[in-house]
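To start, the structure under review is shown below, and the notes come after it.
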Amino acid sequence: MIKPYKIILASHSPRRQELLRGLDVSFEVKVKEGIPEDYPADLDTVEIPKFIAQKKAAAYEMAQDELLITADTVVVLGRHVMGKPADADHARRMLRELSGKTHQVVTGVCLKTTLEQRAFSVVTNVTFKELSDAEIDYYIEKYQPFDKAGAYGIQEWIGYIGVTKLEGSYFNVMGLPVQRIYEELNKMK
């Protein structure tokens, strides 16, 4: 169903790789290191991960038979954008901020070939119960969520015990909105 491109996923994330495998497409992983993930200060929060995904895609040279997938995920609480925590204290602060509130998980994706580029953002609303300090500490100690936007993985223990409501794509919260990617891949030239 998807055009016969050699698909390249530009991500070391095991979650993104697992999710893309779920589409039953063959792909290889190629990651260029050192691409800055900065963005203009006045950019709307929903546009930030799409901007970064496009910036990542721009760093790659493409062969005619290749299709590149880049992505970036942020957690947004109000107007505050949360990336990955720097350490355990930062993760603890993030989870305390998210506790008892609804936030947005926004993943930006860029699909690029030599003929075209498609970029989009997908937003999912996630509500957490009030998390106790003991729950937050247990999660950080046991799961080390330092490679995750907002300091949590919905597919891990904290998602099992803490998420009370989800509006949108569950897989988007894991880091790759695979249903939308499938739709967009089918539209590629």
Side-chain angles (χ1 to χ4, degrees), residues 9-20 31 35-57 69-110 119-133 135-181:
L9 176 63
S11 176
H12 285 304
S13 165
R15 291 165 302 282
R16 286 193 178 127
Q17 293 172 28
E18 172 191 350
L19 291 169
L20 191 57
V31 180
I35 300 168
E37 295 189 8
D38 57 330
Y39 52 88
D42 62 342
L43 200 60
D44 185 270
T45 54
V46 173
E47 296 298 314
I48 291 169
K50 179 171 82 171
F51 178 88
I52 294 171
Q54 289 174 301
K55 195 173 186 181
K56 290 176 183 178
I69 301 173
T70 59
D72 190 72
T73 301
V74 297
V75 169
V76 180
L77 181 62
R79 300 281 310 147
H80 177 62
V81 177
M82 297 179 178
K84 298 171 185 172
D87 55 30
D89 287 336
H90 191 204
R92 197 170 288 109
R93 284 193 307 275
M94 286 179 160
L95 290 169
R96 283 188 183 125
E97 283 183 62
L98 297 173
S99 177
K101 299 182 185 105
T102 299
H103 62 276
Q104 288 72 47
V105 176
V106 186
T107 300
V109 176
C110 184
F120 54 89
S121 290
V122 174
V123 180
T124 303
N125 293 317
V126 180
T127 304
F128 269 114
K129 72 171 193 140
E130 286 287 340
L131 298 167
S132 71
D133 287 344
E135 289 167 334
I136 291 171
D137 289 343
Y138 173 83
Y139 176 66
I140 292 168
E141 184 177 316
K142 181 145 174 97
Y143 291 88
Q144 305 284 306
F146 309 121
D147 65 336
K148 297 172 179 70
Y152 78 93
I154 194 167
Q155 73 281 6
E156 296 174 338
W157 182 82
I158 199 85
Y160 289 25
I161 65 102
V163 174
T164 61
K165 187 175 180 184
L166 183 88
E167 294 174 317
S169 169
Y170 173 82
F171 299 114
N172 184 54
V173 182
M174 283 181 65
L176 204 62
V178 286
Q179 190 279 329
R180 176 72 185 272
I181 288 172

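Each residue takes its place number in the sequence, starting with 1.
- Among residue pairs with one or both ends in residues 74-90, those qualifying as side chain to side chain donor-acceptor pair (under 3.5 Å) are D89-R92; sequence neighbours excluded.
- With rounding to the nearest 0.5 angstrom, the CG atom of D147 is 7.0 Å from the OG atom of S13.
- With sequence neighbours left out, the side chain to side chain donor-acceptor pair (under 3.5 Å) criterion links Q179 to E183.
- For the side chain to side chain donor-acceptor pair (under 3.5 Å) test, no residue two or more places apart in sequence or in another chain qualifies with T164.
- In terms of the ring pair (Phe, Tyr, Trp, His ring centres under 6.0 Å) criterion, F146 has no residue partners (sequence neighbours excluded).
- For the pair T73/R16, a side-chain contact is recorded, criterion being any heavy-atom separation below 4.5 Å from C-beta on.
- In this structure, K142 has no side chain to side chain donor-acceptor pair (under 3.5 Å) partners at least two apart in sequence or on a different chain.
- Listed by chain and residue number, nothing satisfies the ring pair (Phe, Tyr, Trp, His ring centres under 6.0 Å) test with F120 (two or more places apart in sequence, or in another chain).
- Using the six-membered ring where Trp is involved, H103 and Y152 have ring planes that are perpendicular, over 60° apart on the 30 and 60° scheme.
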If you look only at distance, which donor and acceptor atoms sit under 3.5 Å apart when one is on a side chain in residues 165-177 and the other is two or more places apart or in another chain?
| unit_1 | atom_1 | unit_2 | atom_2 | d |
| --- | --- | --- | --- | --- |
| E167 | OE1 | N125 | ND2 | 3.4 |
| S169 | OG | F171 | N | 3.3 |
| S169 | OG | N172 | N | 3.0 |
| N172 | OD1 | T107 | OG1 | 3.0 |
| N172 | ND2 | V105 | O | 3.2 |
| N172 | ND2 | V122 | O | 3.1 |
| N172 | ND2 | T124 | OG1 | 3.0 |

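- You'll find the side chain of I154 stays beyond 4.5 Å of the side chain of R15, heavy atoms only.
- Taking all atoms of both residues into account, the shortest heavy-atom contact from G83 to M94 is O-CE, 3.3 Å.
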Which donor-acceptor pairs under 3.5 Å do the side chains of residues 42-54 make with protein atoms, sequence neighbours left out?
| unit_1 | atom_1 | unit_2 | atom_2 | d |
| --- | --- | --- | --- | --- |
| D44 | OD1 | V46 | N | 3.0 |
| E47 | OE1 | K50 | NZ | 3.0 |

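- Between Y143 and Y138, the ring-plane angle classifies as perpendicular under the 30° and 60° cut-offs.
- Pairs engaging residues 95-109 under the salt bridge (Lys or Arg N to Asp or Glu O under 4.0 Å) rule: R96-D133 [sequence neighbours left out].
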Test V109 against R180 for side chain to side chain contact (heavy atoms under 4.5 Å, CB included), laying out the working first.
-> CA-CA 10 Å; V109 176; R180 176 72 185 272; over 6 Å; no
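- The shortest non-hydrogen separation linking G100 to E130 is CA-OE2, 3.6 Å.
- In terms of the side chain to side chain contact (heavy atoms under 4.5 Å, CB included) criterion, residue partners of A57 (sequence neighbours excluded) are, by chain and number, L68, T70, C110, K112.
- Here the closest non-hydrogen pair linking Q155 and Y160 is O-CE1, 3.4 Å.
- Note that CD1 of I181 is 7.0 Å distant from CG of L20, once rounded to the nearest 0.5 Å.
- The side chain to side chain contact (heavy atoms under 4.5 Å, CB included) check on P36 picks up D38, K55, with sequence neighbours excluded.
- Closest of all the heavy-atom pairs between G108 and S121 is CA-OG, 4.0 Å.
- Rounding to the nearest 0.5 Å gives a distance of 7.0 Å between OG of S132 and CD1 of I161.
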Could you walk me through whether Y39 and D72 pass side chain to side chain contact (heavy atoms under 4.5 Å, CB included), step by step?
-> CA-CA 12 Å; Y39 52 88; D72 190 72; over 6 Å; no
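- Interatomic distance, I158 CD1 to K129 NZ, rounded to the nearest 0.5 Å: 8.0 Å.
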